[in-house]
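Here is the naming used below: chain letters follow the sequence lines, and residue numbers restart at 1 for every chain.
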Amino acid sequence: AQKVTQTQTSISVMEKTTVTMDCVYETRDSSYFLFWYKQTASGEIVFLIRQDSYKKENATEGHYSLNFQKPKSSIGLIITATQIEDSAVYFCAMREITGNTGKLIFGLGTTLQVQP
Amino acid sequence: EAAVTQSPRSKVAVTGGKVTLSCHQTNNHDYMYWYRQDTGHGLRLIHYSYVADSTEKGDIPDGYKASRPSQENFSLILELASLSQTAVYFCASSDAWGRSDYTFGSGTRLLVI
């Protein structure tokens, strides 16, 4: 069965440092897509970055990048030069190709606190 | 600007009453979804739809019905609201492509008393 696990409940870092958030997933599909979303204090959920399972290169988007380790079923989110505004809850999610339901399976989230 | 709009933003409902949550998207997306968010449970899929006039059960459909009268509109219906349905509800839309990300609405905070 498909499952997404984020083991870090919360992380606190100092501003301008680099943080990595972990995510592991379970799937039987050979092709799938992995996503990271950010939920701000206001409750808004926004898409950050995506990794296609068939791509070996790690995705990057601004100061977000991914550490994709397919043999370990792991997709870490790396935020460099963190800012106060990065304080939020970060969700990892997976979509399988099989069935083409389009649905995402989410992890429970990691709360990031960036300290000044 | 393409968007997903949910209404109402918040609602207080009485146990046993009927509640309808509405969602409207201007993204021209085929897929629409309803999730609920609870502390400790993350986001869980209730119902989804990939075409008008058709809905599918998600992972936690019990106690909920859904309606998709048009491509743009997707409603979540609680026929007999219960205390356990107190949560934040999110609507989202996406393209049919597997790599397409979700666009989320702002959420509806529902309190059942």
Side-chain angles (χ1 to χ4, degrees), chain A residues 1-10 21 23 25 27 29-55 59 61 64 66 68 88-111, chain B residues 1-6 8-10 23 25 27 29-51 54-61 66 68 74 87-110:
Chain A
Q2 48 185 317
K3 185 178 180 181
V4 176
T5 303
Q6 296 178 251
T7 56
Q8 301 156 305
T9 304
S10 64
M21 283 175 265
C23 176
Y25 56 90
T27 178
D29 272 19
S30 57
S31 291
Y32 47 89
F33 301 94
L34 301 163
F35 302 79
W36 280 90
Y37 287 82
K38 172 184 178 181
Q39 185 172 31
T40 63
S42 67
E44 303 287 329
I45 303 174
V46 296
F47 164 72
L48 292 179
I49 190 168
R50 178 188 62 244
Q51 179 75 41
D52 301 345
S53 65
Y54 51 85
K55 291 186 177 180
E61 190 70 48
Y64 303 108
L66 298 177
F68 180 43
V89 180
Y90 290 82
F91 290 99
C92 177
M94 175 180 66
R95 175 188 285 132
E96 294 179 331
I97 301 299
T98 301
N100 197 28
T101 65
K103 72 176 187 179
L104 288 177
I105 301 298
F106 288 86
L108 296 184
T110 296
T111 300
Chain B
E1 180 180 322
V4 176
T5 304
Q6 292 183 233
R9 287 300 307 273
S10 66
C23 180
Q25 58 110 348
N27 302 324
H29 286 162
D30 290 322
Y31 286 74
M32 296 187 75
Y33 315 84
W34 277 106
Y35 283 81
R36 66 176 278 173
Q37 184 175 34
D38 304 272
T39 302
H41 288 281
L43 290 155
R44 294 182 291 173
L45 182 64
I46 307 170
H47 284 288
Y48 64 100
S49 169
Y50 51 85
V51 67
S54 177
T55 63
E56 306 293 332
K57 293 181 179 179
D59 299 319
I60 54 164
R68 181 99 181 265
F74 191 36
V88 180
Y89 292 85
F90 285 94
C91 176
S93 72
S94 76
D95 263 331
W97 301 104
R99 65 199 308 267
S100 174
D101 58 278
Y102 280 10
T103 300
F104 279 92
S106 299
T108 295
R109 190 173 296 273
L110 176 64

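For the salt bridge (Lys or Arg N to Asp or Glu O under 4.0 Å) test, residues two or more places apart in sequence or in another chain that qualify with A:Arg50 are A:Asp52. Looking at residues two or more places apart in sequence or on another chain, you find a side-chain contact (heavy atoms from CB on, under 4.5 Å) between A:Gln2 and A:Met94, A:Glu96, A:Lys103, A:Ile105.
Under a cut-off of 6.0 angstrom, the local environment of CD in A:Glu61 is sparse, with at most 12 non-hydrogen atoms contributed by other residues, nucleotides or ligands. The number of heavy atoms from other shown groups lying within 6.0 Å of CZ (B:Arg44) is above 12.
Contacts between B:Glu56 and chain A at a heavy-atom distance below 4.5 Å are absent for every atom of the residue. Within the 4.5 angstrom heavy-atom criterion, no atom of A:Gln6 approaches chain B. Contacts of B:Asp59 with chain A are made by side-chain atoms alone, with heavy-atom separations under 4.5 Å and no backbone atom involved. In this structure, no portion of A:Tyr32 lies under 4.5 Å from any heavy atom of chain B. Proximity to chain A (any heavy atom under 4.5 Å) is shown, for B:Leu43, by both the backbone and the side chain.
Closest non-hydrogen pair, B:Tyr35 versus A:Leu104, comes out as OH-O, 2.8 Å.
When ring centroids are compared, A:Phe35 and B:Tyr102 stay outside the 6.0 Å threshold.
With chain A as partner, the option from B:Ser106, B:Gly107, B:Gly58 having the largest number of non-hydrogen pairs under 4.5 angstrom is B:Ser106.
One distance of note links CG of A:Leu108 with OG1 of B:Thr39; it measures 11.0 Å at 0.5 Å rounding. The CG atom of B:Leu45 lies 9.0 Å from the CZ atom of A:Phe106; values are rounded to the nearest 0.5 Å.
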